[in-house]
Asks: 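The structure that follows is given in the form of C-alpha cells.
Predicted, not measured: the structure shown is a model, and the values here were computed from it. All heavy atoms count here, side chains included; hydrogens, waters and symmetry mates do not.
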2 protein chains.
Amino acid sequence: MELDERKRKILQAIIRNYLETGEPVGSRTISKYTDLNLSSATIRNEMADLEELGYILQPHTSAGRIPSDKGYRLYVDTMLMEKEEQLSQATQEVKEMQQILLEKEDKMEAILKQMAKVLAVNTNYATLVSAPQVKGNKLKFIQLSKVDVRQLLTTIVVEGNVIKNTMIQVAEPLDDETLLKLNILLNTNLNGLPIEEINLAMIAKLKQQAGIYNDIISEVMDAVAAVIKEDEDIEIYTSGTNNIFKYPELSDNQRASELITTFEEKQLLTELVQDTLTEEKNTGIQVYIGNETPVKTMKDCSVVTATYELEEGMKGTIGIIGPRRMDYDKVISTLKTLKSQLDTLYKKE
Amino acid sequence: MELDERKRKILQAIIRNYLETGEPVGSRTISKYTDLNLSSATIRNEMADLEELGYILQPHTSAGRIPSDKGYRLYVDTMLMEKEEQLSQATQEVKEMQQILLEKEDKMEAILKQMAKVLAVNTNYATLVSAPQVKGNKLKFIQLSKVDVRQLLTTIVVEGNVIKNTMIQVAEPLDDETLLKLNILLNTNLNGLPIEEINLAMIAKLKQQAGIYNDIISEVMDAVAAVIKEDEDIEIYTSGTNNIFKYPELSDNQRASELITTFEEKQLLTELVQDTLTEEKNTGIQVYIGNETPVKTMKDCSVVTATYELEEGMKGTIGIIGPRRMDYDKVISTLKTLKSQLDTLYKKE
DNA sequence: TGTTAGCACTCCACAACAATGAGTGCTAAT
DNA sequence: ATTAGCACTCATTGTTGTGGAGTGCTAACA
C-alpha cells in the first residue's frame, strides 16, 4: 500500500485538526471540513490504511485518530503551510520582539533573558535561550590591578569579549613597579594564546620568571582555569515554564514535576543545546518530536530549536518546548525569522 | 472560654499529627495516641471548643479537624519542640551542607546556588537564597584598560567586592599616556565615593576635565549607572521548585502554575526578600503562615526565612517555601543553625 | 472498481445510585 | 467532669446504566 495524494491530504487534515483541538479526530469531521467531498465511510477506509502505515493511532477502539510521531514527522518535513499570512504574522511578532530587545538593553544576559520571555509569551510554550558558546577560545587580555593594600583584581578577557574577574588576597602589599612587571609578564606570555595551550610547562615557566611572586601567578592561573571550566557549562535562560500547564497532556503531576525539574536543573538542557549545535542541518532549524529529543524527560514533548550566530563564530541556541501537538507552522516560522534577523542584526554591528 | 493547658495539649497533638499525615485528624486518633487518657468523646468536646476559639477548622461536617492559620501561629510561637534530638539532627544536616559548600567553591554565585539546592534536597521544600544586598555602596576602584585598538574595558569595583565590567568601543586609538590620565582622573574623583553622591554636577566636572575625551567619560558613567541599577534588583537563586508536587494541596494545576511562575519571575520573590530584610525581628528568623506572606500567590504556603549577614554589612535571605503543614520544627532549627554558622563563618575570614 | 449508506458493535464519559466508614454532636448514665 | 452509646452527616468508592461518538463491515450503487 502506498501513500497517495489523497491519503496525504487526509493525514494533513487530521493533524491540523488535532493540533487545534487536542481531541482525537473522527472520520465525520474530516469528511465535513475538507474540500475532498468524500463521505465519512470512505475517510474511514483511508484512515484504516493510514493507521496500518503507522501515521496515525487510535487511543481506543471507538475513538477517533491522533497523529503518531511518524505522522508528525512527515507533517513537519513536507506539509508545513508557509502561507504568506502565517509568515508575515511571524515577522510581525519578531519585529515586536526586536523592538523590545533593542530598547537599549546593554547586557547580553538581560537581552537573552528577555528574548526567552518574549518568545514564551508569544508562543505559549516554554522557551530556552543559550548564551553563545565560544569555541576555540583565545585569551585576549589579562590584567592585575591593585584595588586595596591586600587585594588584587584579576581581569581576564577571552575572545568574544567574555570578561571574568577574581579577587586575590595578598599577604603583603605589592609596589606598583612589581605589579607592572607581573602584568607585562602575563600579557607577553599569554595574550592571543588559545586556552588549550596553557599547560603545566607554560605555568612553570611563568612561575619561575615571577620569582618570589610565583604564588600570585598560581592564583591567576587558577582564575584562568576557572574561566575555562565555566566556559564548558553553557549559560541557559528559560522562560514560560508554567506554560506546560496549558496542555493537559503535560500537566499531570508526574510529568509536570519532571519537566519543571529539567528546566530548573539546567544541566539537562545543556545536552539538548549541545545536540542542536552539533547535529545542525542546513537550515539551522531542528525539530525533535516526542521520543526524538535527546532529553528523556521530554519524551512527551516536541522541541523546536534554532541556532543563531553572532560575530566571531559565537553560536547559541533558541529552543521552544511544547506538547507534541505544537503549532509547528507558527513556531518554525517564528524561529526562522528570528534566527535570520539575529544573524544579520549582529553581523552588521 | 479559655485556652487551658489541656486544650493546648490537644491542639498540639492535632497539629503534630496533621503535619505528619496531611489528613484531617479525628477525636479517636487523639484519644489513642496521646498520654492524656481521655475518651474520644471528651476530646470531641474539647475540639468543639478549639474550633469555636478559631484554632482549628472542619473541612466538612463529618471530617476531622485541621489547624487554622491561627492554630499554626500559636504552634510556631509557643509550641516548637526544640528537642536536643531535633536540634542535633539539624546541626548534622547543616554540617553536611557546610562541607559541600566549602569544597573550594570559589564564586559567590555558585555557593548560593549550591546552598539553595542542598537545602531543598534536605528539606523537601522549595528554597530561595538571595545574594547579599549591599547598602550604602561605595565605589572602591575604577579602571579603564586597553584591550584592543578600538576597545576599552571598564572595571568597576564596589564595596563588598562586587565587580562589573563593560566594554567601550572607541572611534580612534588612545595612547597609553591619555589612558593613564583618564584613570587618574576617574580614581581621584570617584574612589571611596558613595554611589548616591555621583550626580550630574560631578559628571559635568569630570567631562570638562577630560577635554576631548569627554565622551569616554560619558560611557564610563553609563556603566557606573548600570551598576547602581543592577544593584537594586537583588539576585535570587531558587531550587527544589518541583518539591511542591510532593504536597497534593499545592499541586493542582492552578496553584502549581502560579507557584512555578512566581519562582521563575524572581521579581515577585524580591518582595518577599525585601520584606524579611526590613521586618526583621530579633531572632533573624521569620515565619509567614498562609495569608501572612507578602506574596499573594503563596497564600496556601508557609514561608520560613532567615537573614544572614556577611562582612561589611551585606545582608541576604534564605527562604524555605512549603505547604502550610510544613515541618516547622525541623525547618526552623535547620535555618537557625545554618544562619549562625554562616554569620560566624564569614565574619572570621 | 471506487464510493457510499446503513447497521451492528465498541467503549469512553458521565450521571445516578447505593454502600462504606470515618467522624461528629448530643443525650443520658456513671 | 467524663464517657458510652446512638443517630446523623458526608466524602469516598464502587456499581450500574445510558448516551453518544466513532468504528468496521457489508451490501448496494454509479
Asks: Students often mix this up, so state it plainly: with edges at 30° and 60°, are the rings of B:Tyr247 and B:Tyr125 parallel, tilted or perpendicular?
Replies: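 Plane angle under 30°, so parallel.
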Asks: Return the OG1 to CD1 distance between B:Thr337 and B:Ile332, rounded to the nearest 0.5 Å.
Replies: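 Rounded to the nearest 0.5 Å, the OG1-CD1 separation comes out at 11.5 Å.
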Asks: Looking only at side-chain N and O atoms, does B:Thr42 come under 4.0 Å of OP1 or OP2 in D:dT3?
Replies: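 Yes, such a contact exists.
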Asks: Under 4.0 Å, heavy atoms only, any strand: does A:Ala41 hit a base, just the sugar-phosphate, or nothing?
Replies: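 Contact class for A:Ala41: base.
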Asks: Would you kindly compare B:Ser39 and A:Thr29 by the position of their nearest DNA chain D nucleotide and give the one closer to the 5′ end?
Replies: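 Result: B:Ser39.
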Asks: To the nearest Å, how far apart are B:Arg65 CZ and D:dC10 P?
Replies: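 Taking atom P of D:dC10 as the reference, CZ of B:Arg65 is at 14 Å.
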Asks: Report which part of the nucleic acid A:Ser27 touches: base, sugar-phosphate, or nothing (heavy-atom distance under 4.0 Å, all strands).
Replies: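 Sugar-phosphate, backbone atoms only, no base.
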Asks: Going 5' to 3' on DNA chain C, which nucleotide is the first and which the last to come under 4.0 Å of a heavy atom in chain A?
Replies: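 So the contact region on DNA chain C extends C:dT3 to C:dC12.
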Asks: Are there more than 12 heavy atoms of other residues, nucleotides or ligands under 6.0 Å from atom CZ of A:Arg73?
Replies: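 Yes, the 6.0 Å shell around CZ holds more than 12 heavy atoms from other groups.
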Asks: Please check if any side-chain donor atom of B:Tyr75 sits under 3.5 Å from a side-chain acceptor atom of B:Arg16, or the reverse.
Replies: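 Yes - a donor-acceptor pair under 3.5 Å links their side chains.
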Asks: Relative to the ring of A:Phe245, is the ring of B:Phe245 parallel (under 30°), tilted (30 to 60°) or perpendicular (over 60°)?
Replies: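 The arrangement is parallel - the two ring planes meet at less than 30°.
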Asks: So, is A:Arg44 near the phosphate of D:dA21, with a side-chain N or O under 4.0 Å from OP1 or OP2?
Replies: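 Answer is no, no contact under 4.0 Å.
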Asks: Distance check needed: D:dG22 P versus A:Asn45 CG, whole Å only.
Replies: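 A:Asn45 atom CG is separated from D:dG22 atom P by 17 Å.
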Asks: To the nearest Å, how far apart are A:Met47 CE and D:dA21 P?
Replies: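 From A:Met47 CE to D:dA21 P: 16 Å.
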Asks: Rounded to the Å, how far apart are B:Asn37 CG and D:dA1 C1'?
Replies: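 My rounded result for the distance is 15 Å.
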Asks: Ignoring hydrogens and geometry beyond distance, is a side-chain donor-acceptor pair present between B:Thr276 and B:Thr317 at under 3.5 Å?
Replies: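 Yes, a side-chain donor-acceptor pair sits under 3.5 Å.
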Asks: Between atom CD in A:Glu51 and atom P in D:dG22, what is the gap in whole Å?
Replies: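 These atoms are roughly 15 Å apart.
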Asks: Roughly how many Å is it from NE2 in B:His60 to C1' in D:dT12, rounded to a whole number?
Replies: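 These atoms are roughly 9 Å apart.
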Asks: Apply side-chain contact (heavy atoms from CB on, under 4.5 Å) to B:Thr127 and B:Ile318, showing your working.
Replies: CA-CA 8 Å; B:Thr127 61; B:Ile318 309 169; over 6 Å; no
